[in-house]
K.L.:
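Shown below is the structure under consideration.
All heavy atoms count here, side chains included; hydrogens, waters and symmetry mates do not. Chain letters run A, B, ... following the sequence lines, proteins first and then strands; every chain starts at 1. Note that the structure is predicted; figures quoted are calculated from it, not measured.
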Amino acid sequence: MINPDVQRQLEVFRKNSVDLIEEGSLARHIAKSLESGKPMRVKFGMDPSSPDLHLGHAIPLLKLRSLQELGHQIVLIVGDATAMVGDPSGRNKLRPQLTREQVEENLITYTEQAGEVLDLGATEVRRNSEWFDGMNFEELLRLASRMTVAQMIERDTFQTRMEANEPIGIHEFLYPLMQGWDSVEVKADLEIGGTDQLFNLLVGRRLQEQTKQAPQTCLTLPLINGLDGRKMSKSYGNSVGLTEAPNDMFGKVMSMEDGVMESFYRMLTPLDDAEIVALLAGHPREAKARLAEEITKVFHDGESASGARDAFDRQFREKKLPEDIAECVYDGDWAEEGVPFFALLRGVGLAKTGSDARRIIEQGGARIDGEVIREPTSLVRRPESKLLLQVGKRRFAWVLPR
RNA sequence: GGGGGGAUUCCCGAGUGGCCAAAGGGGUCAGACUGUAAAUCUGAUGGCAACGCCUUCACAGGUUCGAAUCCUGUUCCCCCCA
C-alpha cells in the first residue's frame, strides 16, 4: 500500500516528465525522505555557454521550484569546467570552447536569471571546477576508462555527425563523463534535464553505481519548441528570454505559431488540463493573448502582465502610439536646409546603416509624424520641439532638437 | 606516413576566367492582408550624401587586359588507406 503523501509527491515529480528512470526507486527515495525528514538531493546542471536563459530553460527550473516547494534540496551545478568542453547533446557541430573569462561572465548572469524562478537562498550552488580543477592526469584517465568508445558513439548525436562527416573532438567524449561525475561528487538522488540529456543523466547513474552510491533517478522534461515550431534556440531567433521586459515577453509570445500554443500552455502555465483544452477550443487570438498574459505573469507579475496586454492592444489592434517612446537626439549637425531623411534614421539608431535606412524608406516603411516619406534624400529640418519617427510597425523614436 | 576532398556574404549552400555584390533556402527587415509582432503573399537584404564609386568568396603572394574561379606558399577542416 503506497503512502498517500508519497503518491502526492510522485505526482509532482511526474507532471510533464518524459522519461522517469525509474519510478520504483523514486517512490522509495521519496518515502525514505519523508520518514527521515531528510530532503532528496535534486541535481540540475547549467552550462554557462551562452549568457541568456530562455523559456526553454524555464521548464526544468519551474520543475525544480515545485520540488523545492516540497522541501527537497536543489543542487544547482554551474558547469564552469564542463562549459569549456562544450556539450555535444543535440548538436551536429563542434561547439566552440569557451575561455575561463567568458564562462565567468556568463556564470554571473546565469545564476541571476535562474534566481528569477528558484529561491536561491534555499539552493545549493556548486561549480564543478571545484572538483575538476584539482583532478590530476591519473584521475582523469581513470574517469575516462569508465566508459568504452562503443558506448559513447552509440549516441545519436555522434552517429549523425560521423555520417555527415562532421568533426568530433576527443574532448567531447569527456563531457558526459564529467556531467556524470558531478552526480557522484554531490551525491545526487535525482537529476533533471531536457530529453536531450538522457544519455548524460544515465552516465551519472552508471558512475554512481561504479562508485558504490545509490544510482540517481533520471527525470527528463520536454524540450519546448521555439515560436516558429523549430527547436528553441537563441541562434534561430525564436526564443523568449527569461528576463525580457513584460511588453516584449508578451509580444513575442503573441508572435508564435498557433500550433505551438498547447505545449507552452502545458509546460509554462499553472492552468489545469480542462482549462487549457477549453481555451484552445476557443478563438485562437484570444487563446494566444491569454497564454501571453499567463506566461508574462509567471516570470513577472499579474499587474505587469495585464499592462503588457493593454499596451499590445493599444499599439497593434487600435494602432495607437505606444506609451513609452524613447527620446533621442540626432548626433550629427542639423544643417540650415535640414538633413537627409536616411541620414537621420541612421543617426538616431532606427537603421543600422545608410543603405539600410534607404531600403526602409524606399519600401514605404518609414514615417515622420505619421506620414510616410518615400524619398531617402528628402531634407528634414531641425524640429521646433520634437519629431516622431517611425520605422515599421513597432519602432518609434522622438527626436529632440538637442 | 600515403592518397583524396574542402574553406563562399548573418547561417546553410550554388558558382571552376569576364554576363558576379555573387543562384537557391533559412534568418532578418519592410509592405499588403488580418486574428497579431501569427499564417499567407510581395519586395529588400556588403558599404558609401549613391544611376556612380569602394570593399568582400580562409590567409599571403603570383599569372592575366580581367580572378570567388588558374598557379605557388600558409593555416584550418573532412574522408579513405597504413
K.L.:
Any sub-3.5 Å donor-acceptor pair from A:N247's side-chain atoms to A:F312's backbone N or O?
P.N.:
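The answer is no, because no donor-acceptor pair under 3.5 Å joins these two groups.
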K.L.:
Could you let me know what B:A32 is paired to, Watson-Crick or G-U wobble, both distances under 3.5 Å, or none if it's on its own?
P.N.:
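Paired with B:A32, as far as the under-3.5 Å criterion goes, is B:U40.
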K.L.:
Taking atom types as they are modelled, is there a donor-acceptor pair under 3.5 Å from the base of B:G35 to the side chain of A:D258?
P.N.:
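Yes.
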K.L.:
Please state the P separation for the pair B:G61 and B:C51 - nearest whole angstrom.
P.N.:
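Going atom to atom, P in each nucleotide, I get 33 Å.
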K.L.:
Between A:E185 and A:R126, does at least one N-O distance fall below 4.0 Å, as a salt bridge requires?
P.N.:
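Salt bridge absent between A:E185 and A:R126.
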K.L.:
Using atom C1' of each nucleotide, how far apart are B:C29 and B:G35 to the nearest Å?
P.N.:
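Per the computed distance, 23 Å lies between those C1' atoms.
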K.L.:
For the P atoms, the ones on B:A67 and on B:C79, what distance do you get once it is rounded to whole angstrom?
P.N.:
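After rounding to an integer number of Å, I get 35 Å for this pair.
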K.L.:
Using the C1' atom as the reference point in each nucleotide, state the distance between B:U8 and B:G15 in Å, no decimals.
P.N.:
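9 Å, rounded to whole Å.
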K.L.:
Determine which nucleotide pairs with B:A7, using a 3.5 Å limit on both distances of a Watson-Crick or G-U wobble pair.
P.N.:
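Matched B:A7 with B:U75 under the 3.5 Å cut-off.
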K.L.:
Would you say NZ of A:K297 has more than 12 non-hydrogen atoms from neighbouring residues, nucleotides or ligands within 6.0 angstrom?
P.N.:
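No, not enclosed.
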K.L.:
Should the heavy atoms of other residues, nucleotides or ligands under 6.0 Å from CD of A:E318 be counted, would the total exceed 12?
P.N.:
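Yes, the 6.0 Å shell around CD holds more than 12 heavy atoms from other groups.
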K.L.:
Give a yes/no answer on whether the side chain of A:S355 brings an N or O atom under 4.0 Å of OP1 or OP2 in B:C48.
P.N.:
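Answer yes for this pair, as a side-chain N or O of A:S355 is under 4.0 Å from OP1 or OP2.
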K.L.:
Which one, B:A30, B:G35, B:A44, comes nearest to the side chain of A:R359?
P.N.:
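For the A:R359 side chain, the nearest candidate turns out to be B:A44.
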K.L.:
Check whether any side-chain nitrogen or oxygen of A:R346 sits under 4.0 Å from OP1 or OP2 of B:A49, and answer yes or no.
P.N.:
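So the side-chain polar atoms of A:R346 do come within 4.0 Å of the phosphate oxygens OP1 or OP2 of B:A49, strictly under.
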K.L.:
Does a side-chain N or O from A:R358 land closer than 4.0 Å to OP1 or OP2 of B:A49, or not?
P.N.:
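For A:R358, the contact criterion (side-chain N or O under 4.0 Å from OP1 or OP2 of B:A49) is not met.
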K.L.:
Could you tell me whether the phosphate oxygens of B:G47, OP1 or OP2, come under 4.0 Å of any side-chain nitrogen or oxygen in A:T353?
P.N.:
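A:T353 to B:G47 OP1/OP2: side-chain N or O found under 4.0 Å.
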K.L.:
Is there a donor-acceptor pair closer than 3.5 Å between any side-chain N or O of A:K43 and the backbone N or O of A:I192?
P.N.:
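Not confirmed, A:K43 side chain does not pair with A:I192 backbone.
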K.L.:
Is any side-chain N or O of A:Q363 under 3.5 Å from a base N or O of B:G43, one able to act as donor and the other as acceptor?
P.N.:
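Result: at least one qualifying N/O pair found.
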K.L.:
In whole Å, what separates the P atom of B:C71 from that of B:A82?
P.N.:
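Comparing P positions in B:C71 and B:A82 gives a spacing of 31 Å.
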K.L.:
Going by purine N1 to pyrimidine N3 plus the second Watson-Crick contact, or the G-U wobble pair, all under 3.5 Å, which nucleotide sits opposite B:A67?
P.N.:
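Pair assignment: B:A67 / none.
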K.L.:
Is any side-chain N or O of A:R285 under 3.5 Å from a base N or O of B:A38, one able to act as donor and the other as acceptor?
P.N.:
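Check fails, no donor-acceptor contact within cut-off.
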